[in-house]
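Reading through the structure tokens given below for one structure.
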Amino acid sequence: MAGALHWLHVASTAQLTFYGVHPKRGTEAMDAFGIIGACRQWVIHDHWKPYFSYLGCLHALCNEHLLRELKFLWEEHQEVWARQLSDLLWALYRRRQKQGAFSERQYKRALKGYRAVVRRGRSRHPHRSPGQGRSAQGKAANLLDRLEEFDGSILAFLWDERVPFTNNRGEQDIRMIKVRQKISGCFRTLRGAQMFCRIRSYLSTCRKQGHNLWEAVQKAVVGRPFIPTCPPAGP
């Protein structure tokens, strides 16, 4: 648009949706939108590092992204530990669905099993020794580093029922935009893209909060738009 590519950003909950466009992808864009920086609750995302620059919120990682990586390592490289960890995560998720959030004792037991599988992977892909410098690691070793460092963010869904297993809600909210792009292509102006994002944010939020979309559009046209309720920012 306007001779330059822009990024589409989405932030969503069960009740609210925000779409925004910005020439940058990272913290400059997220600061401009002012959503994650103001959040004091959980933020569910993939392991993209700029998210971790926000220290005021709690971070949980999307296990759907993790399962895809584990599947690749098992199917393409026969990493048995990757299949074992995938099976363990699914088993823990099904148990939480049936029994609710884990107690402290149950969580510690689950964490112990998780770390045991990660150690099996680490035995195949040990940490680089000091003399190896900055030599590139393989995908398995990089993933194991993340599994070790962020185990609390990966397993947060076990002890806090507010934390979903995946960030699929955000993926679902962005799906329509991708379909629109495939059919109609890109916007020609930044103004047009911004207007589209505002309209889609409004309609998606109305739908989530159970409002008739046709009536919501009529109210917006006459200057009486639906104003959604917002949850508290957090402690």
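Neither Ile199 nor Met176 shares a network with the other; the hydrophobic side chains, linked directly or stepwise wherever heavy atoms of I, L, V, M, F, W or Y lie under 4.5 Å apart, form separate groups for each. Clustering ILVMFWY residues whenever any of their side-chain heavy atoms sit less than 4.5 angstrom apart, transitively, puts Val163 in a cluster other than the one holding Val43. By the criterion of side-chain heavy atoms lying less than 4.5 angstrom apart, applied directly or through intervening Ile, Leu, Val, Met, Phe, Trp or Tyr residues, Phe196 is not grouped with Leu203; the two fall into different hydrophobic clusters. Leu16 and Phe33 fall into different hydrophobic clusters, where Ile, Leu, Val, Met, Phe, Trp and Tyr side chains are chained together by heavy-atom contacts under 4.5 Å. Note on Tyr93: it clusters hydrophobically with Leu158, by side-chain heavy-atom contacts below 4.5 Å among ILVMFWY residues.
Residues Ile35 and Tyr54 have side chains not in contact (no heavy-atom distance under 4.5 Å, counting atoms from C-beta outward). Looking at heavy atoms from C-beta onward, Phe18 lies out of side-chain contact with Asp173 at the 4.5 angstrom threshold. Contact check for Gln84 versus Arg120: side-chain heavy atoms found under the 4.5 Å cut-off. Arg175 places a side-chain heavy atom less than 4.5 Å from the side chain of Gln172. By the 4.5 Å heavy-atom criterion applied to side chains, Arg83 and Leu70 are not counted as neighbours. Counting heavy atoms from C-beta outward, Tyr19 and Arg200 have side chains that approach closer than 4.5 Å. Asp145 has its side chain within reach of His127: a pair of non-hydrogen atoms, C-beta onward, lies under 4.5 Å apart. Using a 4.5 Å heavy-atom threshold, the side chains of His22 and Met30 count as separate.
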**Report entry** Verdict with supporting geometry, Glu215 and Lys219, salt bridge (charged side-chain N to carboxylate O under 4.0 Å, His left out)
**Finding:** CA-CA 6 Å; Glu215 293 178 357; Lys219 290 180 179 179; 5.4 Å; no
Query raised in the report: Does the pair Leu213 and Arg207 meet the rule for a side chain to side chain contact (heavy atoms under 4.5 Å, CB included), with working shown?
Result: CA-CA 7 Å; Leu213 296 189; Arg207 176 182 55 79; 4.0 Å; yes
Query raised in the report: What do the steps show when you test Leu61 against Ile44 for side chain to side chain contact (heavy atoms under 4.5 Å, CB included), and what is the final call?
Result: CA-CA 6 Å; Leu61 296 181; Ile44 319 300; over 6 Å; no
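Put simply, CD1 on Ile174 and OG on Ser204 are 11.5 Å apart, with the number rounded to the nearest 0.5 Å. Gln99 contributes atom CD, which lies 5.0 Å from atom CZ of Arg95 (distance to the nearest 0.5 angstrom). Atom NE2 of His65 is separated from atom CD1 of Ile154 by 13.0 Å, given to the nearest 0.5 angstrom. Once rounded to the nearest 0.5 Å, the distance linking CG of Leu144 with CD of Gln137 reads 9.0 Å. Atom CG of residue Leu58 and atom OG of residue Ser153 lie 9.0 Å apart, to the nearest 0.5 angstrom. Once rounded to the nearest 0.5 Å, the distance linking OH of Tyr114 with CG of Leu85 reads 6.0 Å.
Between Lys208 and Ser12, the closest heavy-atom pair is NZ-CB, 3.6 Å. The two residues Gly100 and Glu161 have their closest heavy-atom pair at CA-OE2, 3.2 Å. Shortest non-hydrogen contact noted between Gly170 and Val10 is O-CG1, 4.1 Å. Here the shortest heavy-atom pairing between Cys62 and Asn167 reads SG-OD1, 3.0 Å. Gln194 and Val21 make their closest contact through CG-CG2, 3.7 Å (heavy atoms, listed as atom of the first residue, atom of the second, distance). Taking each heavy atom of Leu147 and Leu66 in turn, the nearest pair found is CD2-CD1, 3.7 Å.
Residues Phe52 and His59 place their aromatic rings such that the two centres sit under 6.0 Å apart. Residues Trp42 and Phe157 keep their aromatic ring centres 6.0 Å or farther apart.
His125 places no side-chain N or O within 3.5 Å of a backbone atom of Ser123 that could act as its donor or acceptor partner. Formation of a donor-acceptor pair under 3.5 Å by the Ser53 side chain with backbone atoms of Pro50 is found in this model. Between the Glu79 side chain and the Trp74 main chain, no donor and acceptor come within less than 3.5 Å of each other. Glu64 places no side-chain N or O within donor-acceptor distance of the main-chain N or O of Thr166, the cut-off being under 3.5 Å. Between the Thr17 side chain and the Ser201 main chain, no donor and acceptor come within less than 3.5 Å of each other. No side-chain donor-acceptor contact under 3.5 Å links Tyr107 to the backbone of Ala101.
A cation-pi contact, defined as under 6.0 Å to the ring centre and within 45° of the axis, is absent between Arg109 and Phe102. In this structure, Lys139 is positioned above the aromatic face of Phe72, its NZ or CZ under 6.0 Å from the six-membered ring centre and within 45° of the axis. Taking the centre and axis of the six-membered ring of Trp48, the NZ or CZ atom of Arg25 falls inside the cone set by 45° and 6.0 Å.
Within a 6.0 Å radius of CD in Glu104, no more than 12 heavy atoms belonging to other residues, nucleotides or ligands are found. More than 12 heavy atoms of other shown residues, nucleotides or ligands fall within 6.0 angstrom of atom CZ in Arg68.
Using cut-offs of 30° and 60° for the angle between ring planes, the Tyr51 and His45 rings count as parallel. Below 30°, between 30° and 60°, or above 60°: for Phe226 and His211 the angle between ring planes is between 30° and 60°, a tilted geometry.
Looking at Arg115 and Glu148, no side-chain N of the basic residue comes within less than 4.0 Å of a carboxylate O on the acidic one, giving no salt bridge.
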